[in-house]
Amino acid sequence: AQKVTQAQTEISVVEKEDVTLDCVYETRDTTYYLFWYKQPPSGELVFLIRRNSFDEQNEISGRYSWNFQKSTSSFNFTITASQVVDSAVYFCALKGSGGSNYKLTFGKGTLLTVNP
Amino acid sequence: ETGVTQTPRHLVMGMTNKKSLKCEQHLGHNAMYWYKQSAKKPLELMFVYSLEERVENNSVPSRFSPECPNSSHLFLHLHTLQPEDSALYLCASSQDRSGAIHEQYFGPGTRLTVT
């Protein structure tokens, strides 16, 4: 069985602060894929990043960075110098490579509020 | 239109009504999905279609009936719903059914309220 845990239900920061959203996953697959999605108040889930289990390189995209650590089964997401437009619910998701390899397992999400 | 579109964006229906949700993807993808998002719950996968064939039905009640006439369109037909069916219904698509290296792209959702 696959599981994604986002322990932080809500986070509130002041603009320009750095913030890290935690994601811990469980899977028995040796090959798997991890994702982060952003859901602003409009409702649409916006794809942010995909990471393959065999690629542990961290990634940076502008103010966003991701830290993938297989040893601790974590895939954390950091926003540097947060902005009000970053306010949204962020979901971490996992896809295995077994029989149901089209199925995304989502965490419950972390609501990030960035205050001006 | 680009990406994944859904209509209507908001829907209020009575328990005896029949309505349909529509999803269209403009990405040339082969797989389409329906998800349900309720307050305080993780996203729930309802149905998966690959090349117009249903490949997953996640124990969804029969009052929800999907239809996929072609790889670009997906419908969710609703009848005799219950108040607990009120939720955000999200449609998604991916390059192919496995999606292993192809992430899912989501539409804006339909906010459904059952009265």
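Every chain is numbered from 1, with letters handed out A, B, ... down the list of sequences.
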Is [Y] reachable from [X] through a run of I, L, V, M, F, W or Y residues, each pair having side-chain heavy atoms under 4.5 Å apart?
X      : Y     : value
B/L43  : A/I49 : no
B/F106 : A/Y33 : yes
A/F75  : A/V89 : no
B/L90  : A/F35 : yes
B/L76  : B/V12 : no

Query - Flag if over 12 foreign heavy atoms under 6.0 Å of NZ, B/K19 - result: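 Atom NZ in B/K19 is not packed in, count stays at 12 or less.
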
Requested in this report: Determine whether more than 12 heavy atoms belonging to other residues, nucleotides or ligands lie under 6.0 Å from atom NZ of A/K16.
Outcome: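 Check fails, neighbour count at 12 or below.
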
Query - Least distance between heavy atoms, A/G107 atom then B/P42 atom - result: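 Residues A/G107 and B/P42, closest heavy atoms: O-CB, 4.2 Å.
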
First locate atom [atom1] of [X], then atom [atom2] of [Y], and finally report the distance between them rounded to the nearest 0.5 Å.
X      : Y     : atom1 : atom2 : result
B/Q6   : A/E44 : CD    : CD    : 8.5 Å
B/L88  : A/L45 : CG    : CG    : 8.5 Å
B/E103 : A/F47 : CD    : CZ    : 3.5 Å
A/L104 : B/L45 : CG    : CG    : 8.5 Å

Query - Listed partners of A/F106 passing ring pair (Phe, Tyr, Trp, His ring centres under 6.0 Å), at least two apart - result: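 Ring pair (Phe, Tyr, Trp, His ring centres under 6.0 Å) check on A/F106 returns A/Y37, B/Y35.
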
Requested in this report: Applying ring pair (Phe, Tyr, Trp, His ring centres under 6.0 Å), name anything that partners A/Y90, two or more places apart in sequence or on another chain.
Outcome: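 By the ring pair (Phe, Tyr, Trp, His ring centres under 6.0 Å) rule, A/Y90 matches A/F77.
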
Query - Contacting region of A/Q39 [heavy-atom separation from chain B under 4.5 Å] - result: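 The side chain, not the backbone.
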
Report task. Please collect all side-chain hydrogen bond (donor to acceptor under 3.5 Å, both in side chains) contacts where either partner lies in residues 72-84 of chain B, sequence neighbours excluded, each pair once. Result ->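 Non-adjacent pairs meeting side-chain hydrogen bond (donor to acceptor under 3.5 Å, both in side chains): B/S20-B/H77, B/E24-B/H73, B/E67-B/H77, B/N70-B/H73.
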
Query raised in the report: Where along residues 57-66 of chain A does a heavy atom come under 4.5 Å of chain B, listed by residue number?
Result: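 Heavy-atom contacts from residues 57-66 of chain A to chain B are absent.
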
Query raised in the report: By a 4.5 Å heavy-atom criterion (distance strictly below it), what part of B/Q37 contacts chain A: side chain, backbone, both, or neither?
Result: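 It is the side chain, since no backbone atom gets that close.
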
**Report entry** Side chain / backbone / both / neither for B/R9 at chain A, heavy atoms under 4.5 Å
**Finding:**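 It is the side chain, since no backbone atom gets that close.
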
